[in-house]
Amino acid sequence: QVQLVESGGGLVQAGGSLRLSCAASGWAFSRYAMGWFRQAPGKEREFVAGISSNGGNTDYADSAKGRFTISRDNAKKVAYLQMGSLKPADTAVYYCARSSRWYSTVIQDDYNYWGQGTQVTVSS
């Protein structure tokens, strides 16, 4: 069955960096776009970054542009989110998700499989 397992979250000081990983199994990883979303306490889940099936195209939320980089290794079946210049406002549970499309998309409804999430906490 489709499985997505995130790792790499934790506690970091403002200005620091983290790299999240999403290990996929149970499907042809290279055929589908992947995305990262996040949900802060009391807020709706929001799009952070997306990447096409071959890694050639990416999308970012305005809040992530210039600070976060999404990438993927299709041979290893892993998607990554490199986060830098972290701010307390980045504190959230981060989820990776598999899209039903091959192209990168910012539309949450296009994603049909989700990981369990990993907590990222940025202290000031």
Side-chain angles (χ1 to χ4, degrees):
Q1 70 276 21
V2 173
Q3 283 194 319
L4 297 167
V5 180
E6 300 98 335
S7 61
L11 174 64
V12 63
Q13 288 189 331
S17 300
L18 279 176
R19 188 177 80 158
L20 306 183
S21 299
C22 175
S25 62
W27 47 283
F29 183 74
S30 63
R31 292 186 180 181
Y32 297 93
M34 295 291 294
W36 286 94
F37 292 75
R38 68 186 184 186
Q39 187 168 21
K43 295 189 176 182
E44 298 284 322
R45 188 165 58 189
E46 63 178 4
F47 172 81
V48 176
I51 187 167
S52 61
S53 60
N54 66 358
N57 294 97
T58 56
D59 289 297
Y60 294 94
D62 287 343
S63 60
K65 287 178 182 176
R67 300 189 300 126
F68 295 2
T69 302
I70 188 171
S71 61
R72 64 190 295 162
D73 185 329
N74 283 352
K76 295 182 178 179
K77 297 186 177 183
V78 181
Y80 302 98
L81 184 68
Q82 179 68 49
M83 305 186 294
S85 302
L86 284 162
K87 307 172 183 179
D90 295 316
T91 295
V93 177
Y94 283 71
Y95 299 90
C96 74
R98 194 201 87 171
S99 174
S100 58
R101 321 288 186 187
W102 63 265
Y103 51 86
S104 175
T105 170
V106 306
I107 301 172
Q108 196 164 159
D109 286 346
D110 282 344
Y111 293 84
N112 51 2
Y113 290 98
W114 297 81
Q116 82 288 350
T118 186
Q119 176 71 46
V120 171
T121 302
V122 184
S123 63
S124 57

> Can you see which heavy atom on V78 is nearest to which on A23, and at what distance?
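Smallest heavy-atom distance, with atoms named: CG2-CA, 4.4 Å.
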> State whether a side-chain donor-acceptor pair under 3.5 Å links D59 with S104.
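Indeed, the side chains of D59 and S104 share at least one donor-acceptor pair under 3.5 Å.
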> Please find the pair of heavy atoms, one from A33 and one from R72, that lie closest to each other, and give the distance.
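What the structure gives for the nearest pair is CA-NH1, 3.8 Å.
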> Salt-bridged, D90 to K87, with N to O below 4.0 Å?
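No, this pair does not count.
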> Between A92 and R38, which heavy-atom pair has the shortest distance, and what is it?
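Residues A92 and R38, closest heavy atoms: CB-CB, 3.8 Å.
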> Checking E6 side chain against G117 main chain: does a donor-acceptor pair fall under 3.5 Å?
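Here the side-chain-to-backbone pair exists.
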> Are V48 and L18 linked, directly or through intermediate hydrophobic residues, by side-chain heavy-atom contacts shorter than 4.5 Å (ILVMFWY only)?
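Yes, because L18 and V48 connect within a single hydrophobic cluster, where side-chain heavy atoms sit under 4.5 Å apart.
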> Any donor-acceptor pair under 3.5 Å linking the side chain of T121 with the backbone of T91?
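Here the side-chain-to-backbone pair does not exist.
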> Do R101 and I107 make a side-chain contact, defined as non-hydrogen atoms from C-beta onward lying under 4.5 Å apart?
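They are not in contact (no side-chain heavy atoms under 4.5 Å apart), so the answer is no.
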> Starting from the C-alpha separation in whole Å, work towards a yes-or-no answer on side chain to side chain contact (heavy atoms under 4.5 Å, CB included) for Q82 and S17.
CA-CA 8 Å; Q82 179 68 49; S17 300; 4.1 Å; yes
> Where the side chain of T118 meets the backbone of G9, is there a donor-acceptor pair that is under 3.5 Å apart?
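Checking the backbone N and O of G9 against the side chain of T118, a donor-acceptor pair under 3.5 Å is found.
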> Do you reckon V5 sits in the same ILVMFWY cluster as I51, going by side-chain contacts under 4.5 Å, direct or chained?
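No, it is not one cluster - the side chains of V5 and I51 are not joined through contacts under 4.5 Å.
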> Starting at CD1 of I70, measure out to CG of L20 and round the result to the nearest 0.5 Å.
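CG of L20 is found 10.5 Å from CD1 of I70.
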> If you round to the nearest 0.5 Å, how far is CG of D73 from OG of S30?
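Those atoms lie 11.0 Å apart.
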> Closest approach of L86 and R67, non-hydrogen atoms and distance?
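Reported closest heavy-atom pair: CA-NH1, 3.9 Å.
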> Taking all atoms of both residues into account, what is the closest heavy-atom pair of S123 and P88, and its distance?
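Taking every non-hydrogen atom into account, C-CG, 4.5 Å.
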> Start with the C-alpha distance between M83 and R19, add both sets of side-chain angles, then the distance that settles side chain to side chain contact (heavy atoms under 4.5 Å, CB included), and finish with yes or no.
CA-CA 6 Å; M83 305 186 294; R19 188 177 80 158; over 6 Å; no
> Nearest heavy-atom pair of A24 and L4: which atoms, and what distance?
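Where A24 meets L4 most closely, the heavy atoms are CB-CD2, 3.8 Å.
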> Any ring pair (Phe, Tyr, Trp, His ring centres under 6.0 Å) involving residues 36-94? Give me the pairs, sequence neighbours left out, ordered by first then second residue.
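Applying ring pair (Phe, Tyr, Trp, His ring centres under 6.0 Å) to every pair that reaches into residues 36-94, excluding sequence neighbours, yields F37-F47, F37-Y111, F37-W114.
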> Side-chain heavy atoms nearer than 4.5 Å, only ILVMFWY residues, links allowed to pass through others: does that put M34 and Y113 together?
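Both belong to a single hydrophobic cluster.
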> Side chain to side chain contact (heavy atoms under 4.5 Å, CB included) between S53 and R31: does it pass, once the steps are laid out?
CA-CA 5 Å; S53 60; R31 292 186 180 181; 5.7 Å; no
> Filter on ring pair (Phe, Tyr, Trp, His ring centres under 6.0 Å), then keep only pairs touching residues 2-29, sequence neighbours left out; what's left?
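As it turns out, the ring pair (Phe, Tyr, Trp, His ring centres under 6.0 Å) pairs with a partner in residues 2-29, which skip direct neighbours, are W27-F29, W27-Y32.
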> Applying side-chain hydrogen bond (donor to acceptor under 3.5 Å, both in side chains) to S100 and N112, what does each step give before you reach the verdict?
CA-CA 6 Å; S100 58; N112 51 2; 4.7 Å; no
